[in-house]
S.K.: 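Okay, handing you the structure first.
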Amino acid sequence: MDKPQFSGVREDAANISIRRGRYTAEMFQDDFPQFYKGGAVCLLPYHILTEFIRAANAAITPDKWLDGWRYSAGLYVAHHSALYLRTYAESSETPAQAAATGALVGVVKSAALGDSSVSYDTDALTRATADWGGLNATQYGQLLATRARLVGMGGTYAI
């Protein structure tokens, strides 16, 4: 049976899409070599990188991001990769050490030299991420959020 004349028109007009991007690990390596040791070996486990790329292809679609799609998809992967690498440790001897790898670190609030004390202001991060989730936690995420504001400026009309 043929599709009706206006099949898909409502979805296109409403700016609703299920089209996925085709960002690849090779593109990420070309665009963000800082995540590769010697330019060749990825610093993330393969399955983690693959997951971030899969998520980027679902979230950053070419039909909405147009010419900025590739860079924005790369920013998405770089943001999540940077957050992942912040939690990296060769190994942990205790559960407390393992848990500490996931601690939220904010802007340094105060520091003392005698007995080496540092405190962080995580409120600046959590307040800033109220509307954009964790995107404010890395510069890659901040760049992506800025671009997303521009992409999202257009109106949506649903019938």
Side-chain angles (χ1 to χ4, degrees), residues 15-153 156:
N15 200 21
I16 298 171
S17 170
I18 57 170
R19 297 177 191 110
R20 296 178 58 85
R22 296 181 190 271
Y23 196 75
T24 65
E26 291 78 19
M27 290 175 174
F28 184 64
Q29 184 175 4
D30 288 344
D31 299 341
F32 295 88
Q34 60 269 38
F35 289 97
Y36 290 81
K37 183 178 181 179
V41 178
C42 187
L43 297 173
L44 292 104
Y46 176 77
H47 65 281
I48 298 295
L49 177 63
T50 302
E51 171 60 23
F52 294 157
I53 290 172
R54 184 201 59 76
N57 283 322
I60 311 294
T61 58
D63 56 333
K64 295 198 182 43
W65 292 76
L66 304 174
D67 293 339
W69 165 78
R70 179 175 169 155
Y71 180 58
S72 299
L75 286 172
Y76 184 99
V77 176
H79 167 72
H80 289 285
S81 297
L83 289 177
Y84 177 84
L85 290 172
R86 281 186 189 168
T87 67
Y88 180 80
E90 289 287 335
S91 66
S92 299
E93 298 294 323
T94 67
Q97 286 177 340
T101 65
L104 180 62
V105 178
V107 179
V108 174
K109 185 176 181 179
S110 65
L113 188 54
D115 292 328
S116 302
S117 176
V118 177
S119 66
Y120 296 93
D121 180 9
T122 57
D123 183 52
L125 288 177
T126 56
R127 187 174 359 103
T129 59
D131 292 335
W132 288 95
L135 288 178
N136 282 314
T138 70
Q139 290 178 311
Y140 304 113
Q142 290 172 345
L143 288 167
L144 180 59
T146 300
R147 295 175 71 83
R149 286 185 197 111
L150 295 173
V151 168
M153 286 176 70
T156 299

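No experiment lies behind these values; they were computed from the predicted model shown. Side chains included, hydrogens not; waters and symmetry mates left out as well; all remaining heavy atoms used.
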S.K.: Counting only heavy atoms not in Q34, do more than 12 fall under 6.0 Å of its CD?
M.R.: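 Yes, CD of Q34 has more than 12 neighbouring heavy atoms, counting only those of other groups under 6.0 Å.
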
S.K.: Using only atom types and a distance under 3.5 Å, with no angle test, would you say the side chain of N57 pairs donor to acceptor with the backbone of R20?
M.R.: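 Side chain of N57 to backbone of R20, a donor-acceptor pair under 3.5 Å: no, none is there.
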
S.K.: Would a distance-only check, ignoring hydrogens and angles, find a side-chain to backbone donor-acceptor pair under 3.5 Å from W65 to R70?
M.R.: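 No; judged by distance alone, with no hydrogens or angles, the pair does not exist.
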
S.K.: How close do Y23 and G74 get, heavy atom to heavy atom, and via which atoms?
M.R.: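 That closest heavy-atom pairing would be OH-CA, 3.3 Å.
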
S.K.: Does the side chain of I60 reach to within under 4.5 Å of the side chain of L144, using non-hydrogen atoms?
M.R.: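 Side chain of I60 against side chain of L144, heavy atoms only: contact under 4.5 Å found.
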
S.K.: Can you confirm whether or not the ring centre of Y84 sits under 6.0 Å from the ring centre of H80?
M.R.: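 Ring centres of H80 and Y84 not closer than 6.0 Å.
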
S.K.: Which atoms form the tightest heavy-atom contact between A25 and Y36, and what is the distance?
M.R.: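 Where A25 meets Y36 most closely, the heavy atoms are O-OH, 3.5 Å.
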
S.K.: In Å and rounded to the nearest 0.5 Å, what is the CG to OH distance from L43 to Y88?
M.R.: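 If we round to the nearest 0.5 Å, L43:CG and Y88:OH are 9.5 Å apart.
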
S.K.: Where do A55 and Y76 come nearest, in terms of heavy atoms and distance?
M.R.: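 Looking at all heavy atoms of both residues, the closest pair is CB-OH, 3.5 Å.
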
S.K.: Mind checking the CG-CZ spacing from L150 to R147? Nearest 0.5 Å is all I need.
M.R.: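 Answer rounded to 0.5 Å: 8.0 Å.
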
S.K.: Calculate, to the nearest 0.5 Å, the distance between atoms CG and CD belonging to N136 and Q139 respectively.
M.R.: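 The CD atom of Q139 is 11.5 Å from CG of N136, to the nearest 0.5 Å.
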
S.K.: When you compare the side chain of S81 with that of F32, does any pair of heavy atoms fall below 4.5 Å?
M.R.: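 No, too far: nothing below the 4.5 Å cut-off.
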
S.K.: Minimum heavy-atom separation for T24 and I53, please, with both atom names.
M.R.: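 Nearest pair, atom of T24 first, then I53: C-CD1, 3.8 Å.
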
S.K.: Within a strict 4.5 Å, meaning less than it, do heavy atoms of the H79 and L83 side chains meet?
M.R.: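 A side-chain contact under 4.5 Å exists here.
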
S.K.: Going by heavy atoms in the side chains, are T61 and W69 under 4.5 Å from each other?
M.R.: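 No. Closest side-chain heavy atoms not under 4.5 Å.
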
S.K.: Using every non-hydrogen atom in the two residues, find where A56 and A73 come nearest and quote the distance to one decimal.
M.R.: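 Closest heavy-atom pair between A56 and A73: CB-O, 3.9 Å.
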
S.K.: Any non-hydrogen side-chain atom of F35 less than 4.5 Å from a side-chain atom of L49?
M.R.: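 In short, these two side chains do not touch, never coming nearer than 4.5 Å.
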
S.K.: How close do G21 and P62 get, heavy atom to heavy atom, and via which atoms?
M.R.: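 Of all heavy-atom pairs spanning G21 and P62, the closest is CA-CD, 3.6 Å.
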
